[in-house]
Amino acid sequence: MGFLKFQVKSKDNKARTGHLKLKHGIIETPSLIPVATKATVKALTPEDLNELGAEILICNTYHLMLQPNADIISKLGGLHKFMNWDKPLVTDSGGFQAFSLGLGKEHAVGKMYFPGENYKKSKPQGKSIAKINDKGIYFRSIYDNSRKLLSPEKSIEIQEKLGADMILVLDECTSPLSDKEYTEKSLERTHNWAKKGIEIHNTDQAIVGIVQGGHWEDLRKRSAEYINSLDFDSYAIGGSLGKSKKDMHNVLEWVIPLLSENKPRHLLGIGVVEDIFASVERGVDLFDCVSPTRIARSGFSHIRPPLGTKKNKFRMKISSITYRTDKKPLDPNCKCKVCRNYTRAYINHLFKTNELLGYNLISFHNLFFMLELMREIRQSIDECSLQKLKIKWLG
Ligand SMILES: [Zn+2]
């Protein structure tokens with residue numbers, strides 16, 4: 001067991017607020033964890049992140065083990081010191097990257113696959129560069145093409161060197177297009193890896209077990225029961241969340257009641273507005289998602305309803321000609337420093353001229369927007385009015 005204290009503060013049906021105490025500080029939950037893949041949240045400084053109210057970040061073990069590598073970071077005093085962030089940090093296990101370099105690449109899918117009316121199937125992104133067997137994940141480095149093995153033991157060892165507050169055990173993330181037979185086989189592997197991971201874990205870092213099982217009820221329940229029986233500090237729900245929002249909601253409804261009430265629950269890699277409401281009301285405490293900063297780099301700025309369009313409820317494309325002379329801030333209802341100081345016209349100009357400041361300003365606003373949403377969600381749970389807030393946001 002590592003250093004983690006979690007206290008549920010208040011409840012509104014299944015939704016809950018809590019205090020999560022980790023080695024480097026306290027987080028209010030439900031919380032959206034900004035993603036700092038290569039030890040940086042793209043286009044933002046740690047000073048920006050402090051100013052916009054981020055309490056915790058998640059970094060990527062796969063990328064950091066390759067560049068610069070865990071030994072270098074350890075010699076430089078650990079990840080906190082390396083990236084100048086003195087609040088809590090999480091590192092993932094590398095399992096999700098194995099998926100995106102392996103099955104995700106071959107199937108050209110993410111954690112969810114919606115073959116609906118407007119769905120445009122992505123082109124396969126080439127052959128898998130990751131192979132999985134019971135020992136671990138074999139892959140080629142995207143930096144120098146060298147062959148690497150990420151085993152459950154190695155993943156823990158690397159994360160111990162990096163020194164985040166909370167670390168994840170290695171898991172195999174299956175694709176929404178994997179069949180049940182494969183998902184079941186993979187589940188046994190993930191369970192063995194979880195046991196190996198927790199057995200060799202030897203620091204005061206909090207350790208997180210990951211529930212897998214795709215979108216099959218029996219597999220998800222079996223996994224939740226098994227992972228919950230190991231003495232993890234916290235639980236994450238990973239892997240494929242199926243082929244529809246309903247599948248994702250089902251997964252949460254099967255898994256969450258089987259996890260210890262007094263430990264935090266993290267839904268891995270999910271974090272758009274609708275999914276946050278759907279997951280918080282089913283009892284999820286932690287999220288992480290690249291979306292706010294990723295869409296920022298494509299020139300999309302978050303906006304509160306009812307200002308968005310029917311198609312894009314929570315975002316607007318600031319590089320569009322519509323905003324060329326617009327004197328309003330990105331979101332007239334936002335109190336962030338970008339909205340207090342800059343016009344849409346100016347940010348439109350920054351995008352049109354590929355000026356780097358544009359990325360910083362929209363990323364700042366987008367993350368502020370999402371963290372403000374999380375603050376409103378926590379307040380509404382404390383006041384037992386989550387459903388009212390959900391209607392205000394989603395209609
Ligand atoms: Zn703003």
Side-chain angles (χ1 to χ4, degrees), residues 27-28 30-37 40-58 85 87 270-277 280 287-380 389-390 392-395:
I27 300 149
E28 302 290 332
S31 174
L32 174 73
I33 309 177
V35 179
T37 306
T40 168
V41 177
K42 290 190 198 307
L44 295 173
T45 63
E47 292 76 21
D48 287 332
L49 293 161
N50 274 318
E51 194 178 339
L52 61 82
E55 296 179 314
I56 180 169
L57 306 176
I58 182 166
W85 177 253
K87 291 180 182 173
I270 296 294
V272 298
V273 177
E274 295 90 339
D275 294 340
I276 286 179
F277 274 103
V280 163
F287 301 89
D288 69 277
C289 190
V290 292
S291 168
T293 49
R294 179 173 285 170
I295 65 166
R297 296 194 301 283
S298 311
F300 283 96
S301 156
H302 272 314
I303 191 152
R304 266 171 194 259
L307 296 172
T309 60
K310 207 176 165 205
K311 194 174 154 228
N312 273 329
K313 223 171 180 177
F314 306 112
R315 58 175 81 171
M316 56 188 252
K317 192 159 178 64
I318 194 64
S319 53
S320 151
I321 191 146
T322 328
Y323 305 112
R324 205 170 169 196
T325 56
D326 193 332
K327 287 188 200 157
K328 288 193 285 301
L330 289 176
D331 181 343
N333 295 313
C334 178
K335 295 180 183 71
C336 88
K337 73 166 179 193
V338 177
C339 294
R340 278 186 279 115
N341 293 301
Y342 301 94
T343 60
R344 291 174 177 177
Y346 178 61
I347 297 171
N348 171 280
H349 158 73
L350 294 177
F351 262 82
K352 286 288 172 207
T353 49
N354 294 319
E355 283 293 339
L356 298 179
L357 182 60
Y359 298 121
N360 174 261
L361 296 182
I362 303 192
S363 298
F364 189 103
H365 162 77
N366 281 359
L367 259 185
F368 183 93
F369 176 97
M370 291 306 296
L371 297 189
E372 193 62 27
L373 166 68
M374 298 313 295
R375 282 186 276 270
E376 285 183 21
I377 286 178
R378 291 193 295 268
Q379 193 187 342
S380 77
L389 184 72
K390 184 181 160 189
K392 191 175 144 195
W393 275 79
L394 304 183

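Note that ligands are numbered from 1 as they come in the structure, with each ligand's atoms numbered from 1 the same way.
- Looking at Arg304 and Glu376, a side-chain N of the basic residue comes within less than 4.0 Å of a carboxylate O on the acidic one, giving a salt bridge.
- A cation-pi arrangement is present between Lys337 and Phe364 under the rule of less than 6.0 angstrom and at most 45 degrees off the ring axis.
- Applying the side-chain contact (heavy atoms from CB on, under 4.5 Å) test to Thr353 and every residue at least two apart in sequence or in another chain returns His349, Glu355.
- Arg344 places a side-chain N or O within 3.5 Å of a backbone atom of Pro329 that can act as its donor or acceptor partner.
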Subject >> Stepwise side chain to side chain donor-acceptor pair (under 3.5 Å) check, Ser363 with Asn366 >> reply: CA-CA 5 Å; Ser363 298; Asn366 281 359; over 6 Å; no

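- Closer than 2.8 Å to the Zn ion (ligand 1) sit the protein N, O or S atoms Cys334 SG, Cys336 SG, Cys339 SG, His365 ND1.
- Rounding to the nearest 0.5 Å places CH2 of Trp393 at 11.5 Å from OG of Ser380.
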